[in-house]
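Read through the structure below, which is laid out as structure tokens, and then see the notes.
By convention in this document, chain letters (A, B, ...) are assigned in the order of the sequence lines, proteins followed by strands, and residues within each chain are numbered from 1.
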Amino acid sequence: MKNKIQAVKGARDFYPEQMLLRNWLYANMRSAAQAFGYQEYDGPFLETLELYAAKSGDELVKEQSFVFNDRGGEKVTLRPELTPSLARMVAARQRQLPRPIRWWSFGPFWRYERPQKGRSREFFQWNVDLLGVESPAADAELAAVAVTFFQMVGLTASEIKLQFNDRRLMDEQLATLGLAANKTAVFRLIDRRGKLGATAWEQYAGEVGVTPEQLNGLKALLANADLWRQSEGCQAFVEAGQALGIGPFLEFDPTVIRGLDYYTGIVLEARDRESEFRAILGGGRYDDLVGDVGGDRLPGMGFAMGDVVIGLVAQKYQKVPPLRPSPTQVLVAQFDQISPAEALRLAAQLRAGGLRVEWYPETAKLDRQLKYADVNGIRFAALLGPDELAQGCVTIKDLAARTQTTYARAAVVDALRQGLESQM
RNA sequence: GUGCCUGUAGCUUAAUGGCAGAGCACUGGACUGUGGAUCCAGAUGUUGCGGGUUCGAGCCCCGUCAGGCACCCCA
């Protein structure tokens with residue numbers, strides 16, 4: 001380990017194996033989003049600091065963004081999230097975009113945080129947003145997109161829950177308790193309900209300025225699993241969710257608040273039911289954000305899912321199908337008694353027939369070449385040795401079936417195509 | 001950004017302050033035209049990095065880097 005240059009802290013290498021996992025997640029995200037008619041888009045990876053300064057939440061911008069001065073002295077930031085870019089892009093074309101706007105995206109984001117399990121400094125995130133519709137059914141659709149993804153990767157309602165709450169409901173309830181004035185601090189208090197011990201939490205409540213009376217009210221509030229029934233919006237949300245078939249995943253949780261300042265209504269958060277990992281996704285309704293970046297008011301709802309936690313969850317529950325990095329279908333072996341050009345010619349012939357063909361680049365012992373095919377999961381080996389060459393044929397070895405057959409040169413492509421159709 | 005824990009071969013790991021070992025993987029052979037098993041043999045380390053204490057440091061101390069846990073925040 002001498003003088004090896006290290007990767008940047010919190011950045012990950014994607015070796016072919018990890019790339020398979022990422023692409024598998026991506027493929028399912030795309031399928032889930034497209035099943036609901038969402039269109040793929042992307043924003044720039046670099047944005048002005050100004051874009052985030054207005055809304056995202058102080059900590060995220062001031063402490064957790066990669067910010068630098070470009071050569072012209074402008075403050076530029078590596079995007080820590082996508083929603084502000086989305087709001088900016090939509091605001092710029094507000095008059096010409098047909099509504100509703102259903103968009104999704106998957107790309108890299110950066111946050112300057114201390115890395116931990118499930119959290120890195122550079123990560124990929126799936127964003128799904130629906131703009132121009134302000135209804136509980138729209139909120140439920142977003143939840144259904146997320147659940148559809150879970151189902152596509154094989155995660156069930158017994159493994160995953162999708163928690164929801166409503167900021168408007170909480171606003172009302174806090175106002176009733178006379179806590180509207182320091183709402184931000186109380187939200188933060190609520191957020192820590194499950195984390196702090198009972199006495200520590202109550203002490204913290206006192207520090208925030210919550211009176212003993214208010215504390216009792218707050219505790220009752222947070223213990224009330226049926227609180228959502230007092231909100232017409234929540235009721236309609238659950239109703240629509242049930243119509244969409246995602247009822248088993250949904251779970252009301254009054255302690256789900258979400259940190260981002262721009263949420264104005266329903267907020268969502270998905271977790272594994274064993275609570276081993278941090279949140280799988282987070283999202284919510286943001287009806288004022290587009291207006292705040294200079295557009296006309298345009299209601300929106302969306303969520304974001306990072307690749308790290310869902311990757312860990314999918315692996316823990318063994319949902320990742322066995323994938324192999326090599327795309328090769330046929331390995332053309334090489335024999336030292338004949339010219340390498342013969343192997344190249346055969347490989348070219350097979351490729352011309354539409355097959356994915358890899359050529360073994362040296363005349364190693366045959367068992368070595370076959371072992372290479374084996375460890376890479378290559379199904380077929382094409383053997384063109386002195387015997388076959390003399391007879392104008394090729395031996396095809398099926399490594400999965402452990403059989404081999406010799407074919408006339410002209411019949412090889414068809415034989416391989418047929419063989420590939422029979423999955424082993 | 002704060003506190004705590006960890007860092008030994010490619011991977012998993014062992015070693016009361018006293019010769020750095022093992023398993024898996026790898027390489028070669030048994031078997032030079034036939035892969036997953038078996039057997040035999042072999043290679044592999046500045047013990048993350050830098051300093052200090054000591055006759056002697058993988059082990060103790062300081063610093064640093066990286067990872068993990070709890071804060072903070074959040075995907």
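Within 4.0 Å (heavy atoms only), A:Gly10 reaches sugar-phosphate atoms of the nucleic acid but no base atom. As judged by a 4.0 angstrom heavy-atom cut-off over every strand, A:Gly385 is placed among the base-contacting residues. Contact annotation for A:Ala373: no contact, since no heavy-atom pair falls under 4.0 Å across all strands. Across all strands shown, A:Arg119 has heavy atoms under 4.0 Å from base atoms, whether or not it also approaches the sugar-phosphate. Here A:Gln404 lies in heavy-atom contact (under 4.0 Å) with a base. Base contact: A:Leu399 has a heavy atom under 4.0 Å from a base atom. A:Thr83 comes within 4.0 angstrom of no nucleic acid atom, judged by non-hydrogen atoms across all strands. A:Asp387 comes within 4.0 angstrom of a base, heavy atoms only. A:Glu388 comes within contact range of at least one nucleobase, with a heavy-atom separation under 4.0 Å. Across all strands, A:Pro115 comes closer than 4.0 Å only to sugar-phosphate atoms, never to a base (heavy-atom distances).
Only the C1' atoms considered, B:U13 is 9 Å distant from B:U8, to the nearest whole Å. Taking the C1' atom of each, B:A43 and B:C24 are spaced 16 Å apart, rounded to whole Å. Annotation: B:U47 and B:A66 have their C1' atoms spaced 16 Å apart (nearest Å). As rounded to the nearest Å, B:G51 and B:C11 have P atoms that lie 25 Å from one another. Taking atom C1' in both B:G58 and B:G3, the straight-line distance is 26 Å, to the nearest Å. Using atom P as the reference point in both B:C40 and B:C4, the two lie 50 Å apart (nearest Å). To the nearest whole angstrom, the two C1' atoms, one in B:G56 and one in B:U2, are 38 Å apart. Rounded to whole Å, the C1' atom of B:G35 lies 48 Å from the corresponding atom of B:G18.
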### Task
Give the C-alpha distance, both sets of side-chain angles, the deciding distance and a yes or no for side chain to side chain contact (heavy atoms under 4.5 Å, CB included) between A:Ile160 and A:Val313.
CA-CA 9 Å; A:Ile160 302 296; A:Val313 172; 4.0 Å; yes

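Closest to the A:Asp367 side chain, of the nucleotides B:G68, B:G33, B:G35, is B:G35. Ranking B:U34, B:C69, B:A30 by closeness to the A:Lys365 side chain, first place goes to B:A30. When each of B:U34, B:C4, B:C74 is scored by its nearest atom to the side-chain atoms of A:Leu383, the top-ranked nucleotide is B:U34.
A:Phe380 has its side chain out of reach of A:Leu350: every pair of non-hydrogen atoms, C-beta onward, lies at least 4.5 Å apart. With contacts defined as side-chain heavy-atom distances shorter than 4.5 Å, the pair A:Trp104/A:Phe36 does not qualify.
Each of A:Ala304 and A:Lys9 has a nearest nucleotide on RNA chain B; the 5'-most of these lies closest to A:Lys9. For the pair A:Gly306 and A:Arg192, both in contact range of RNA chain B, the more 5′-proximal nearest nucleotide belongs to A:Arg192.
Distance CG (A:Leu312) to P (B:G68): 10 Å, rounded to an integer number of Å. Rounded to whole Å, the distance from CD on A:Glu113 to P on B:C69 is 14 Å. In this entry the distance linking CZ of A:Arg368 with C1' of B:C31 reads 15 Å, nearest Å. Atom CZ in A:Phe277 sits roughly 10 Å away from atom P in B:C69 (whole-Å rounding). In this entry the distance linking CG of A:Leu366 with P of B:U32 reads 11 Å, nearest Å. To the nearest angstrom, C1' of B:U38 lies 13 Å from NZ of A:Lys371.
Across all strands shown, B:C24 forms a Watson-Crick or G-U wobble pair, both distances under 3.5 Å, with B:G10. If you check B:G58 for Watson-Crick or wobble pairing at under 3.5 angstrom, you find it has no partner at all. Partner assigned to B:G1 is B:C71, using Watson-Crick or G-U wobble distances below 3.5 angstrom.
For B:G1, the base has no donor-acceptor partner in the side chain of A:Gln64 [N/O atoms by modelled type, under 3.5 angstrom].
A:Asp307 has a carboxylate O that lies under 4.0 Å from a charged side-chain N of A:Arg12, or vice versa, which qualifies the two as a salt bridge. Ion pairing between A:Arg167 and A:Asp287 fails under the 4.0 Å rule for side-chain N and carboxylate O.
Although no hydrogens or angles enter the test, the distance criterion places no donor-acceptor pair under 3.5 Å between the side chain of A:Gln64 and the main chain of A:Glu113.
Partner of A:Gln404 under the side chain to side chain contact (heavy atoms under 4.5 Å, CB included) criterion, chosen from A:Asp398, A:Thr395, A:Ile396, A:Leu399: A:Thr395.
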